[in-house]
2 protein chains.
Amino acid sequence: MEQLATNRDEAADARARGWLSGAGLRPTRQRRALALLLVGDGRDRHVTAESLFEAARETGERVSLATVYNTLKSFTEAGLLAEITVDGARSYYDTRVQDHAHYYWEPDGRLSDATTSPLGIEGLPEPPEGMEIARVDVVIRLRPARTGTPEA
Amino acid sequence: MEQLATNRDEAADARARGWLSGAGLRPTRQRRALALLLVGDGRDRHVTAESLFEAARETGERVSLATVYNTLKSFTEAGLLAEITVDGARSYYDTRVQDHAHYYWEPDGRLSDATTSPLGIEGLPEPPEGMEIARVDVVIRLRPARTGTPEA
DNA sequence: TTAAGTGCAAATTATTTGCAGTAAG
DNA sequence: CTTACTGCAAATAATTTGCACTTAA
């Protein structure tokens with residue numbers, strides 16, 4: 001068990017380090033810690049600066065909120081994360097960087113992936129002359145269904 | 001000409017008033033002024049609080065910025081406007097309230113309609129159990145094309 | 001009248017930045 | 001060594017709010 005845990009930790013750590021080095025970012029203690037939280041388990045994550053800051057300090061890491069903000073920005077500029085804006089206030093960061101739709105759960109302000117497939121928007125209009133599509137943001141806002149599933 | 005201008009103004013004013021009363025909102029001086037700017041000419045508009053505030057004071061209207069913010073919020077709650085979030089900072093308000101895709105012009109931070117038709121997203125995933133889709137936000141981010149039209 | 005709407009200025013929220021200290025290459 | 005990174009605390013930016021005043025119904 002100990003061994004397994006250690007192995008798993010080492011694998012996660014290796015993944016985090018590779019993630020950083022692959023983008024040419026200095027593997028500082030803070031960045032490694034945040035990278036570990038973001039991609040350590042290989043699953044996709046959607047975080048806000050605040051939520052990642054919380055997660056970090058829950059593991060006992062010493063990181064300042066400003067650094068979390070700056071780090072998320074660096075990661076995004078390096079192409080490691082995608083920034084998603086939903087509410088006008090908070091910014092969400094997604095470890096899955098290719099275009100894909102998101103669910104925004106209005107009740108609890110959470111963000112999650114809407115599909116596993118790369119999404120097919122059929123009616124996508126042609127970009128105007130001299131312009132190209134940098135990215136397509138699709139946010140599907142969810143609210144509790146009023147009909148269908150009875151609340152009883 | 002005088003006559004025509006007056007007629008046009010009256011028509012615009014009537015439209016603005018009808019727009020407000022249709023939503024059961026009190027037609028105060030400030031609201032009528034803002035409504036006039038928003039729907040006076042019957043065309044769709046995309047504004048920010050700041051841009052509408054500017055537009056208002058350019059016509060000589062006395063409206064405070066706070067009131068513009070509050071008014072845009074009221075209009076949105078009344079279903080007269082749709083709020084669109086693009087950059088995480090600014091909020092845009094659209095006089096066209098049904099779901100439709102938007103172009104976001106990265107170079108100048110402007111927002112415009114992407115299509116005239118209601119947009120067909122084919123691959124839209126089914127909403128999760130107990131949830132329904134409140135709205136689908138689609139923002140197509142445009143940047144200057146690097147290829148295609150030569151810059152010479 | 002009287003509750004809703006308005007205008008300040010102060011308060012909030014999310015994020016950025018300046019700068020002195022710390023650490024990676 | 002030397003340049004990038006980090007951590008505060010202060011600065012911004014967009015938006016909201018408290019409260020006295022005004023106005024539409």
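Quick caveat, the model's predicted, so the values are computed rather than measured. Sequence lines set the chain letters: A, B, ... in the order given, protein chains first and strands last, and positions in each chain run from 1.
- One finds no salt bridge joining A:D13 and A:R32 here, because no Lys/Arg side-chain nitrogen approaches an Asp/Glu carboxylate oxygen to under 4.0 Å.
- Here C:dT15 presents its P atom at 8 Å from CD of A:E83, a figure rounded to the nearest Å.
- Relative orientation of the A:W19 and A:F75 rings is perpendicular, given thresholds of 30° and 60° on the angle between their planes.
- Separating the CG atom of B:L20 from the C1' atom of C:dA4 is a distance of 14 Å, rounded to the nearest angstrom.
- Within 4.0 Å of B:R26, counting heavy atoms only, lies at least one base atom of the nucleic acid.
- One atom, OH of B:Y69, and another, P of C:dA11, lie 18 Å apart when rounded to the nearest Å.
- An OP1 or OP2 oxygen of D:dT23 is reached within less than 4.0 angstrom by no side-chain nitrogen or oxygen of B:Q30.
- Comparing B:L65 and B:P27 by the nucleotide of DNA chain D whose heavy atom lies nearest to each, the residue mapping closer to the 5' end is B:L65.
- At a threshold of 4.0 angstrom between heavy atoms, the contacts of B:R32 with the nucleic acid are absent.
- Candidate nucleotides C:dG25, D:dA14, D:dT6 were compared by shortest atom distance to the side chain of B:R90, and D:dA14 ranks first.
- Taking the nucleotide of DNA chain D with the nearest heavy atom to each of B:A66 and A:V68, the more 5' of the two is matched to A:V68.
- With sequence neighbours excluded, no residue forms a side-chain hydrogen bond (donor to acceptor under 3.5 Å, both in side chains) with A:S21.
- Residue-level contact check: B:S91 touches the backbone only, with heavy atoms under 4.0 Å from sugar-phosphate atoms and none from bases.
- Note: CD (A:E77) to C1' (C:dT16) measures 12 Å, nearest angstrom.
- Put simply, CG on A:N70 is 10 Å from P on D:dG7, counting in whole angstrom units.
- OP1 and OP2 of C:dC8 both lie 4.0 Å or more from every side-chain N or O belonging to B:S64.
- When the nucleotides D:dT17, D:dT6, D:dA14 are ranked by their closest atom to the side chain of B:K73, D:dT17 comes out on top.
- Between the OH atom of A:Y93 and the C1' atom of C:dT15 there is a distance of 9 Å, given to the nearest Å.
- Close to D:dT6, at under 4.0 Å from its OP1 or OP2, lies a side-chain N or O of A:R31.
- In this structure, A:E61 CD and A:L34 CG are separated by 8.0 Å, a value rounded to the nearest 0.5 Å.
- Checked against D:dG7, C:dA14, C:dT6, the side chain of A:V63 finds its nearest nucleotide in D:dG7.
- Note on A:R45 versus A:D94: no salt bridge recorded, every NZ/NE/NH1/NH2 to OD/OE distance being 4.0 Å or above.
- Nearest nucleotide to the B:A49 side chain, out of D:dG7, D:dT15, C:dC8: D:dT15.
- When rounded to the nearest whole Å, the span between CZ of B:F75 and C1' of C:dT6 equals 13 Å.
- In this structure, B:S74 reaches neither bases nor backbone, as no heavy-atom distance under 4.0 Å exists between it and the strands shown.
- More than 12 heavy atoms of other residues, nucleotides or ligands shown are found within 6.0 angstrom of CZ on B:R143.
- For the C1' atoms, the distance linking C:dA11 with C:dG7 amounts to 16 Å, nearest Å.
- A straight line from CD1 of A:I84 to C1' of C:dT15 spans 18 Å, rounded to a whole angstrom.
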